[in-house]
Amino acid sequence: MTIKTVGILGAGTMGNGIAQAAAMAGLDAVMVDISEKALQEGVESASRSLEKFVAKGKLDAGAAQLALARISTSTDYKSLASADIVIEAVTENVDTKITLLGKIEAVVGTHTVIATNTSSISITALGAALSDPARFIGMHFFNPVPLLPLVEIIQGLQTSATTTEKVRELTTKLGKTPIVVRNSPGFVVNRILLPMINEAFFLLAEGIASVEEIDAGMRSGASHPIGPLALADLIGLDVCLAILDVLARDFGDPKYRACRLLRELVSAGHLGRKTGKGVYTYG
């Protein structure tokens with residue numbers, strides 16, 4: 001089966017980014033969310049991103065208009081019925097995801113692949129809540145989706161080889177680089193990345209160096225394009241904390257214990273770029 005229509009549940013940063021990537025690859029994208037306001041903001045975000053591609057000469061204006069026209073929106077789950085794959089891209093919460101995945105399964109055809117864009121939650125556990133877990137898989141996109149090429153394809157214990165191959169082919173069609181990994185807390189990237197980000201918060205909390213110095217150290221000393229604290233703001237401090245809590249719980253290893261400063265910032269609602277304030281303050 002060739003995937004021609006991609007359904008996306010969630011019109012937030014990740015959802016509209018996935019919709020844009022699909023549309024740019026010539027696929028139809030159906031984006032579903034609970035409110036018209038969220039959908040409108042999602043389409044506007046994709047439109048601004050496409051305009052940047054045009055301004056940088058990476059896409060011509062006509063192609064950008066065609067891509068935007070391929071994105072349709074709805075508040076009705078039944079709009080996902082025609083999709084060949086549906087990618088859930090909502091909040092990083094197990095109970096919420098299980099509920100929404102069940103709603104997806106209730107409206108899609110038996111041929112439809114169901115995927116979740118999770119950064120840390122067990123694919124095996126989520127799949128166990130579905131009647132046909134063989135067609136369920138993880139697709140971990142990275143923010144910003146239109147720019148970053150990596151997609152982690154995570155196989156749950158029940159995921160079939162056919163499902164994995166379909167998703168690998170789709171990922172390549174989207175112009176992304178797939179890596180296939182077995183289900184494990186944090187998968188590959190976040191299991192390496194989050195302890196580094198967490199250690200940067202400990203350095204900051206202990207007064208070892210300033211925010212700017214910590215980030216400059218990793219940019220200039222380790223050739224990272226962005227410092228760990230600026231990256232945490234881009235990811236979202238709440239998302240970073242949620243991933244660390246999953247790693248700490250599932251591995252039972254104190255090395256994943258989240259820095260109190262990170263937890264305090266999240267409690268204060270300072271979540272990074274999306275709220276205008278995190279480690280840095282944004283205009």
Side-chain angles (χ1 to χ4, degrees), residues 5-19 22 29-42 72-141 143 145 151-160 163 166-167 170 183-187 190 235-236 238-250 266 271 274:
T5 302
V6 179
I8 303 101
L9 183 58
T13 301
M14 300 305 293
N16 70 63
I18 296 168
V30 182
M31 192 163 58
V32 172
D33 209 309
I34 58 173
S35 74
E36 292 291 351
K37 182 175 183 292
L39 290 166
Q40 180 181 348
E41 291 175 350
S72 62
T73 63
S74 177
T75 57
D76 187 353
Y77 282 84
K78 292 179 181 177
S79 299
L80 299 170
S82 62
D84 301 304
I85 182 172
V86 177
I87 304 168
E88 169 272 312
V90 299
T91 186
E92 194 76 347
N93 178 276
V94 174
D95 294 335
T96 301
K97 285 185 181 292
I98 287 175
T99 298
L100 295 178
L101 290 169
K103 291 182 177 181
I104 293 170
E105 191 174 41
V107 299
V108 299
T110 56
H111 71 284
T112 304
V113 174
I114 302 175
T116 179
N117 176 56
T118 180
S119 52
S120 61
I121 297 173
S122 169
I123 301 304
T124 298
L126 292 175
L130 299 177
S131 61
D132 182 13
R135 62 168 166 171
F136 181 67
I137 198 165
M139 291 185 76
H140 181 204
F141 291 82
N143 183 32
V145 176
V151 176
E152 285 182 310
I153 299 174
I154 307 106
Q155 297 173 302
L157 183 66
Q158 316 94 319
T159 305
S160 72
T163 297
K166 285 179 183 177
V167 172
L170 171 64
N183 184 63
S184 179
F187 315 131
N190 280 334
I235 295 169
D238 54 334
V239 176
C240 291
L241 179 59
I243 296 169
L244 283 165
D245 283 345
V246 168
L247 291 171
R249 182 195 68 214
D250 290 359
V266 172
L271 308 182
K274 60 188 173 185

Using atom types as modelled and distance alone, determine if a side-chain donor or acceptor of [X] lies under 3.5 Å from a backbone N or O of [Y].
| X | Y | result |
| --- | --- | --- |
| E92 | I243 | no |
| N183 | I123 | yes |
| T159 | I137 | no |

For this session: Begin with the C-alpha distance, continue with both residues' side-chain angles, and end with the deciding distance and a verdict on side-chain contact (heavy atoms from CB on, under 4.5 Å) for H140 and V151.
Result: CA-CA 5 Å; H140 181 204; V151 176; 5.8 Å; no

Please report the shortest heavy-atom distance between [X] and [Y], naming the atom on each side.
| X | Y | value |
| --- | --- | --- |
| T91 | T96 | CG2-CG2, 3.8 Å |
| S119 | V239 | OG-CG1, 4.3 Å |
| D250 | P185 | CB-CG, 3.5 Å |
| Q158 | A128 | NE2-N, 3.5 Å |
| L130 | L101 | CD2-O, 3.7 Å |
| T118 | F187 | O-CE1, 3.5 Å |

From [atom1] ([X]) to [atom2] ([Y]), nearest 0.5 Å:
| X | Y | atom1 | atom2 | value |
| --- | --- | --- | --- | --- |
| D132 | I114 | CG | CD1 | 7.5 Å |
| D33 | Q40 | CG | CD | 12.5 Å |
| F136 | T116 | CZ | OG1 | 5.0 Å |
| L170 | I87 | CG | CD1 | 6.0 Å |
| S74 | E36 | OG | CD | 7.5 Å |
| I85 | T163 | CD1 | OG1 | 9.0 Å |

Do [X] and [Y] come close enough that some side-chain heavy atom pair is under 4.5 Å?
| X | Y | result |
| --- | --- | --- |
| L126 | I98 | yes |
| I18 | M139 | no |
| R135 | E105 | yes |

Problem set entry | Worked check of side-chain contact (heavy atoms from CB on, under 4.5 Å) between V32 and T73 | CA-CA 6 Å; V32 172; T73 63; over 6 Å; no

Problem set entry | With L9, the side chain to side chain contact (heavy atoms under 4.5 Å, CB included) member among V30, I34, L100 |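 Checked V30, I34, L100 against L9; only one passes side chain to side chain contact (heavy atoms under 4.5 Å, CB included): L100.
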
Problem set entry | E88/K103 salt bridge by N-O under 4.0 Å criterion |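 Salt bridge flag = no for E88 with K103.
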
